[in-house]
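Just below is one structure, and these are the notes that go with it.
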Amino acid sequence: MAAGRRQYPFHLIEPKWQHRWDEQQAFRAWNPGEAVPADHPFAERHGQTEPGLLPKFYILDMFPYPSGAGLHVGHPEGYTATDILARYKRAQGLHVLHPMGWDAFGLPAEQYAIKTGRHPRRTTEQNVATFKRQIKALGFSYDWSREVDTTDPEYFKWTQWIFLKLYNSWFNPRTNKAEPIETLPYPPELEPTHAEHTPPDLESKRRAYRDSKRLAYVTEAPVWWCEKLGTVLANEEVVDGKSEVGGFPVIRKPMRQWMLRITNYAERLLNDLETIDWSNSLKEMQRNWIGRSDGAEVDFEVADCRFEASDSRKPIRVFTTRPDTLFGATYMVLSPEHRLLDLITTPAQRAAVEAYKAEVAKKSDLERTELAKEKTGVFTGANAINPVTGGKIPIWIADYVLISYGTGAIMAVPGHDTRDFEFATKFNLPIVQVVQPPDGKDWRGFVDDGVAVNSANTEITINGLPTPAAKAKITTWLEKKGLGTKTVNYKLRDWLFSRQRYWGEPFPVVWRNGADGTVYHEALPESALPLLPPKLDDYKPTPDGQPPLARATEWLTLPDGAKRETNTMPQWAGSCWYYLRYLDARNGATFVGKEAENYWMGGGGRSKLQVSGSRSQVEGSKAQSGGSGGFQPTPGVDLYVGGTEHAVLHLLYARFWHKVLFDLGYVSTPEPFYRLVNQGLILGEDGQKMSKSRGNVINPDDILKEYGADAFRLCEMFMGPLEMTKPWSTKGVEGVYRFLGRVWRLFVDEQSETEFEQNSTADPDRSPEFLEKLQISGTIKDVDPTPAQLKALHAAIKKVTEDLDGLRFNTGISALMVFINEAMTWNTKPAAILKSFLTLLQPFSPHLAEELWSKLHSALGAKSPALAYVPWPQFDTLLLVEDTLEIPVQVNGKLRDVIRVPAGATKTELEAAALEAEKAQPFLTGKAVKKIIVVPKKLVNIVVA
RNA sequence: GGGCGCGUGGCGGAAUGGCAGACGCGCGUGGCUUAGGACCACGUGAGGUAACUCUUGCAGGUUCAAGUCCUGUCGCGCCCACCA
């Protein structure tokens, strides 16, 4: 292909229009109250309308991490989809917000800094510049005046500010929302008796209590520390008790960590999924992650209790989702980290228990939960009492019980739980039946719903009850007897929010020594923001395992002796709220202005929209166009597009922050992203995932150089449905590239083009000038279109409009192709028809469309308005009506003939015509007609005996 | 193991329960060309000279009619995974 002739001079057209859009800030969105310059295309379209009165459309991309590798073909997939929609909505008269920015904190720049000493900021800036150049070359209609960069102090100042809000809030279970920490009630024993002066030790206790309730709190959590690498490792980076890189030993080391109390929001994060328009699978992933389980907590007394005296008879509490199987609990299992373990272990078993604990402690979480692993465990020597049978059951420990879920202990029902069954089989523990499966299946290991059996004592029976009823009855009984309570558990854990890194947001927190010798934390005032990271020469952690920030000894200690927090925030922090900063990106006084937030997030925009209803022009997709995609103002981002890799963490974290900000009154909607679509992965041409090692990586720069941005955009969309995983096809680019070439040749005079080619070859430097002299084809005339031409156009308008409403870009493009294939056959091409076609082409391939639009207008001697703001055409269904229709005739459901009938043919006429259809005769003669199905305008089916 | 999704020509993919295969790629024939891997026109699911027959992973079912709905089954992809 490299030797092939260019289909059209995209290499001149694309930079020309990109430059023009930049120059006039063509895609700038305006906040309420902003004055739009009269010569801006937005003003040309909307006049002097106050921008805040227009209906808004906020369309958001997941902003990229600017890696050193540059853009890959997956990025432009989502970006092209959103840009097409942004341009479409803009043409429909909506006020579109379409921003872009950089999620630029992250490990690669830091690792590069450790190796080379080069400051991560410089690496980051360079990568951002590359990404920006590549993205701009694609002609996306972003409002670059709102660009954000999470590593910019003007940005992370507000990330730190939001952290302070979390820090200074608590979750009030009564109101089910976050509230300022000042509203926190204290337990009676912590209430000061005399208002004048609080004793220091009480103040200290109150502080400890307060700190334990904050949404941002500190805890000691074990992390993996690798001495040789001098760094902390994630669970995934530890294999077989050694570092994945280098195979060095690692140790479990408790470190002070910041946590965010996302678990308080579990129920709201779960329930509010119902209110947003996300795909089922995505919601399901979030539901799984939150992991709600309904069940009961049940207390088991320890038999022959050895700690009775010292510890006031603590029972062991378990969580179960199957309280109906309580009669089948034949043993208990504690997690090896359970707090009562030391107390109950008998002297005879202590050595075995200690050995097992030590072995487990070496394993990573990943290894403990490895697939198809043989069960292990040891007996503690102690027994518990089954509260419903009164029987003595042995207490074991095993690593299949996790300390971090439920109560860290289980009742084992080996008859009806797969894991307990395996364990009991291995260690010869008793297995009894308490559930009867339906249709005589084997009860051993039967875990589904059935009917309770062998489940009665002198006070209660649940025998004969189906599982749900049995659960309800036994739970009520347990509650009445004080043996248990109905409980809900979540898999979701609090968010470990600190990292031992350099290239992240420093915490606006200092540590002080209390009068009583305790060390406590204290938030910096908002006036101290942004808190910048210190200058360092070496970005490694300190030799004694302190985070890199601890190397900045001068920065570390404040004049008053307080010490700064040396952890930094995780990369997720900046991406938790960037969509809010876009709304008011240059506001120095607040993280987002109230009016801007209210308008763009649509929290209070509805009444305004009604005011503007008659004034604004929301063309297309109204009643007449028939599409259901008519404008509906939605609360939050109207459409968010990005990859599935963020289906859980980013989206959950962002929803969490948003809800906190909502509770505190800083934003006006409970959910940030009303509609979300995941783009599918783009695989290599060989159908494998793109990777350097396979050598199948496609570089967008190469495609751009060869085919241009318009063809690249089309190609990305034409490969298949947005949400589907699909292989890249360079042949496919050539297909859409040829289509754009046909569009070009349809508009441009052949003779004039030959001259352009010759001149450009002879004098390439002047080719932009020659481009301006290219003539529009003489076959394009300002004449009235024929009915057939109108029909072709309106069929295209209808199809493209409906497909864009349904995000079906591939079939929309095919409709454009169908139109061009037909228009190629016309001897005379009415200018009005081609103009309308260009408005359809504009969202997909804006550069070519703008160029031809402007040429067409000058050929007609007319002033050419910016195509990007020209109203989307409406289709007229009347023009699509056919005079006669081709109706398939089936006999017994099989196609036998096609008849041509007047469009208005009645049912009776259709029947009669079908019965006479020539090719149907052999299948009708001599047969009795039982029934004739007539679907008006569609088909006739003759049913014969 | 659990959940979600998907199986249609040589390939990517189209089809509100109503003519399966739109559109593109590839391939074939012809035209234009000194020539083309550029462009234009036509053809292109399989079998059959034809009439016709077969065809949406496989097996059933519902229906006048099934790629589409239901049941089972096989295969592929993604997510979660000892969560009690």
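Convention: sequence-line order gives letters A, B, ...; per-chain numbering from 1.
- Rounded to a whole angstrom, the distance from the P atom of A20(B) to that of U55(B) is 12 Å.
- Ring orientation note: the planes of Phe427(A) and Trp396(A) are tilted relative to one another, at an angle of 30° to 60°.
- With rounding to the nearest 0.5 Å, the separation of CG in Leu746(A) from CZ in Phe819(A) is 7.5 Å.
- Counting any heavy atom pair closer than 4.0 Å across all strands shown, Pro721(A) reaches sugar-phosphate atoms only and no base atom.
- Set against A14(B), G24(B), A84(B), the side chain of Thr320(A) has A84(B) as its closest nucleotide.
- For the pair Leu402(A) CG and A81(B) C1', the interatomic distance rounds to 11 Å; values are reported in whole Å.
- Rounded to whole Å, the C1' atom of G24(B) lies 28 Å from the corresponding atom of G17(B).
- Contact annotation: side chain of Lys375(A) to base of C82(B), donor-acceptor pair present below 3.5 Å.
- Side-chain proximity of Lys938(A) to the nucleotides G12(B), A84(B), U16(B) is greatest for U16(B).
- Of the N and O atoms on the side chains of Arg896(A) and Gln921(A), not one donor lies less than 3.5 Å from an acceptor on the other residue.
- No engagement by Asp420(A) is indicated, since no non-hydrogen atom pair under 4.0 Å with the nucleic acid exists.
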Between the protein and nucleotides 30-33 of chain B, are there any N/O to N/O pairs under 3.5 Å, and if so, what are the atom names and distances?
none

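- Distance noted for atom C1' between G2(B) and A81(B): 8 Å (whole Å).
- Here C82(B) presents its P atom at 14 Å from CD1 of Ile410(A), a figure rounded to the nearest Å.
- Between Tyr400(A) and Phe423(A), the two ring planes are tilted [angle within 30° to 60°].
- As rounded to the nearest Å, A46(B) and A38(B) have P atoms that lie 24 Å from one another.
- Across all strands shown, Val935(A) has heavy atoms under 4.0 Å from base atoms, whether or not it also approaches the sugar-phosphate.
- Tyr8(A) and Trp744(A) have tilted rings, their planes meeting at an angle from 30° to 60° on a 0 to 90° scale.
- Using a 4.0 Å heavy-atom criterion, one finds that Asn810(A) contacts the sugar-phosphate atoms exclusively.
- Among the atoms of the strands shown, none is found under 4.0 Å from any heavy atom of Glu422(A).
- Nearest nucleotide to the Ser814(A) side chain, out of G18(B), C40(B), C23(B): C23(B).
- Residue Ser729(A) is out of contact with every strand shown, counting any heavy-atom pair closer than 4.0 Å.
- Annotation: of the two residues near RNA chain B, Asp417(A) and Gly720(A), the 5′-most nearest-nucleotide partner is Gly720(A).
- Ion pair Arg287(A)/Glu274(A) flagged as a salt bridge, since at least one NZ, NE, NH1 or NH2 atom sits closer than 4.0 Å to an Asp/Glu carboxylate oxygen.
- A salt bridge does not link Arg808(A) to Glu802(A): none of the charged nitrogens lies less than 4.0 Å from a carboxylate oxygen.
- On the C1' atoms, G57(B) is 26 Å away from G48(B), given to the nearest whole Å.
- Between Met724(A) and Val648(A), it is Met724(A) whose nearest contact on RNA chain B lies nearer the 5' terminus.
- With G18(B), G26(B), C80(B) as the candidates, the nucleotide lying closest to the side chain of Lys491(A) is C80(B).
- Within the 4.0 angstrom heavy-atom criterion, only backbone atoms of the sugar-phosphate kind lie near Lys931(A); the bases stay farther away.
- Side-chain atoms of Thr376(A) and Tyr356(A) include a donor-acceptor pair closer than 3.5 Å.
- Comparing G21(B) with A14(B), their P atoms sit 15 Å apart, to the nearest whole Å.
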*Represent RNA chain B in dot-bracket notation, 5' to 3'. Only Watson-Crick or G-U wobble pairs with both distances under 3.5 Å count; pseudoknot-style crossings use [ ] and interstrand partners use |.*
(((((((..(((.....[....)))((((((.......))))))(((....)))..(((((..]....))))))))))))....
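- Separating the C1' atom of A15(B) from that of G45(B) is a span of 16 Å, rounded to the nearest Å.
- What separates NZ of Lys930(A) from P of U63(B) is a distance of 12 Å, to the nearest Å.
- Among the protein residues, Lys919(A) comes within range of no part of the nucleic acid, since none of its heavy atoms lies under 4.0 Å from any strand.
- With hydrogens and angles ignored, a donor-acceptor pair closer than 3.5 Å exists between the side chain of Asn941(A) and the base of C64(B).
- Only the C1' atoms considered, G36(B) is 44 Å distant from A51(B), to the nearest whole Å.
- Here Arg493(A) lies in heavy-atom contact (under 4.0 Å) with a base.
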